[in-house]
**Q** 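Have a look at this one before I ask anything.
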Amino acid sequence: MQHYLNYVDGQWRDSSRQLEVINPATASVFATVAQASIEDADAAMHAARCCVNSGLLTDVRPAQRTTWMLKAAEAIREIAEEGALILCRENGKNLATAREEFDEAARYFEYYAGMADKIEGISVPLGKDYVDFTSYIPMGVSVQIVPWNFPVSICARSLAPALAAGNAVVIKSPEVSPLGMILLIQAIEKAGFPKGAVNLLCGKGSEVGSHLVKHADTNQIVFTGSVPTGQRILRDAAERATPSVMELGGKSAAIAFADVDIEQLLRSVKVGIFYNAGQVCSAMSRLLVHRSRYDEVKNAVVALAESLNVGIGEENAELTPVVSKDQQQQILAMIETAREEGAQILTGGQAAQHDGYFVLPTIIEAQPHMSIAQQEVFGPVMVIMPFEDEDQAVAIANGTDFGLVAGVFGENLNQSLRVAQRLIAGQVFINEWFAGGIETPFGGVGLSGFGREKGQEAIYSYVQTRNIGIRLKHNR
Ligand code: NAD
């Protein structure tokens with residue numbers, strides 16, 4: 001059975017303990033990974049600190065970082081096929097989605113390569129007696145904690161801008177899906193970044209993750225994951241007032257108006273809630289439909305859910321297993337609670353007859369206040385609800401503690417734009433769920449977190465402003 005290692009100070013490093021990696025499609029162990037210890041974490045932090053202090057990332061012309069980043073992108077593309085297969089096995093996701101993750105990872109490196117030499121400050125006019133300017137300096141050591149749902153692309157999403165801005169990075173992989181990230185780092189190693197610029201620890205969140213968050217050398221925390229873990233990290237980060245970026249969960253709503261194009265909506269529902277088995281922070285987990293089209297849309301969405309081919313990722317099934325037994329049990333328990341609260345399960349609502357951790361595509365008719373319409377499920381489960389008018393649609397959409405993304409579907413662009421501007425969310429899609437890309441800023445409000453990833457804006461999450469003011473002496 002293949003065994004994988006941690007990456008610390010430019011070396012691949014074993015550990016006395018190991019974690020098993022399970023294929024969720026078959027429920028069988030197929031690899032092991034060295035479980036990082038506190039000593040490994042300290043060594044990674046020391047390596048990152050030495051790299052920062054050496055100036056090797058920042059004393060160079062910024063174009064040097066562009067060169068490293070482009071080499072990394074090229075190396076990622078070279079291993080993409082091998083990486084996608086491993087990611088598909090450890091995570092359950094289908095092969096096409098796994099390939100997209102590696103492609104996105106390469107794109108993040110290409111995109112931020114282009115920004116490494118354009119992080120420019122401003123000059124501030126203060127009259128003839130002063131010269132004043134700002135510059136953006138890196139945070140220093142950036143600790144990045146990654147979830148399991150898109151481990152490769154989310155890892156690259158934070159790592160690429162952090163490196164482009166001149167930070168050293170210590171990454172903590174998720175317990176259940178570390179291998180794709182290990183291949184990603186193996187590729188990035190070939191780019192020639194200075195030793196200690198990139199470190200990867202495959203340990204437990206409660207042990208290694210928590211240690212990194214509280215570490216005296218941590219200058220920044222970038223966390224992507226669940227709300228309870230994010231809250232815990234923020235409490236720990238408060239001890240040293242460590243700046244943080246929080247990319248948390250969501251309960252995002254799509255609003256379908258009376259003039260919705262149903263075919264267009266169904267294409268978005270398919271990716272919005274069933275892509276990656278619904279384990280997407282920005283999933284379309286609520287669908288609000290104008291009363292006049294409600295039955296028609298409801299029947300179409302149920303038919304879509306029932307038409308999906310449920311199977312294993314390696315065979316590119318449309319609906320793949322969820323990542324673990326725990327995740328499957330948690331989803332089924334939430335569906336059970338929905339039943340008890342009086343919600344109606346229109347289709348699905350149970351495990352599929354497979355060895356692995358499958359949940360059938362599920363559509364639930366519920367009231368806005370019910371827990372299934374308020375809490376993140378993180379599985380292939382969508383809640384559908386009718387609304388009477390624009391104000392009620394906005395009130396229901398905004399009526400959760402989250403605010404990650406939202407969507408509006410309808411032919412009347414005036415109405416869609418009007419409503420989009422009233423939705424409490426970091427990103428609003430009109431007529432296509434997931435419209436946008438790595439170029440568009442992404443992040444939440446409320447319990448969905450704060451700070452932005454993706455796009456040009458994200459680079460500013462990885463720098464801090466320094467202002468220098470100079471008093472001039474004049475001859476007379
Ligand atoms: P999680 O919170 O359980 O774990 C995330 C990471 O935190 C893991 O690497 C884990 O080991 C680590 N961790 C756990 N306890 C820790 C601690 N005390 N200190 C430091 N690190 C700790 O989340 P998950 O189950 O892996 O991912 C699913 C969640 O992530 C969902 O809520 C989803 O919405 C969210 N998510 C958000 C985004 C986004 O960009 N907003 C993207 C993907 C996933």
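Numbering of ligands and ligand atoms starts at 1, following listing order.
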**Q** Both conditions, 6.0 Å and 45 degrees, for the charged tip of K325 above the ring of Y357: are they met here?
**A** no

**Q** For ligand 1, output the ligand-protein N/O contacts shorter than 3.5 angstrom; if there are none, return none.
**A**
| residue | atom | partner | partner atom | Å |
| --- | --- | --- | --- | --- |
| ligand 1 | 2 (O) | S226 | N | 2.9 |
| ligand 1 | 2 (O) | S226 | OG | 2.6 |
| ligand 1 | 2 (O) | T229 | OG1 | 2.8 |
| ligand 1 | 9 (O) | V146 | O | 2.8 |
| ligand 1 | 9 (O) | K172 | NZ | 3.2 |
| ligand 1 | 11 (O) | K172 | NZ | 2.6 |
| ligand 1 | 11 (O) | E175 | OE1 | 2.7 |
| ligand 1 | 11 (O) | E175 | OE2 | 3.2 |
| ligand 1 | 11 (O) | G205 | N | 3.4 |
| ligand 1 | 19 (N) | S210 | N | 3.4 |
| ligand 1 | 23 (O) | S226 | N | 3.4 |
| ligand 1 | 25 (O) | W148 | NE1 | 2.8 |
| ligand 1 | 26 (O) | W148 | NE1 | 3.1 |
| ligand 1 | 30 (O) | G225 | O | 3.3 |
| ligand 1 | 32 (O) | E376 | OE1 | 2.7 |
| ligand 1 | 34 (O) | E376 | OE1 | 3.4 |
| ligand 1 | 34 (O) | E376 | OE2 | 2.5 |
| ligand 1 | 40 (O) | R157 | NH1 | 3.4 |
| ligand 1 | 40 (O) | R157 | NH2 | 2.8 |
| ligand 1 | 41 (N) | L248 | N | 3.4 |
| ligand 1 | 41 (N) | L248 | O | 2.7 |

**Q** Can you check whether A34's main-chain N or O pairs, donor with acceptor, with N6's side chain at less than 3.5 Å?
**A** yes

**Q** Can you say whether the rings of W148 and F378 are parallel (under 30°), tilted (30 to 60°) or perpendicular (over 60°)?
**A** perpendicular

**Q** Is any side-chain heavy atom of V143 closer than 4.5 Å to one of Q220?
**A** no

**Q** So which of L346, V381, I384 actually passes side-chain contact (heavy atoms from CB on, under 4.5 Å) with I364?
**A** V381

**Q** Which label fits F409 and W433: parallel for a plane angle under 30°, tilted from 30 to 60°, or perpendicular past 60°?
**A** parallel

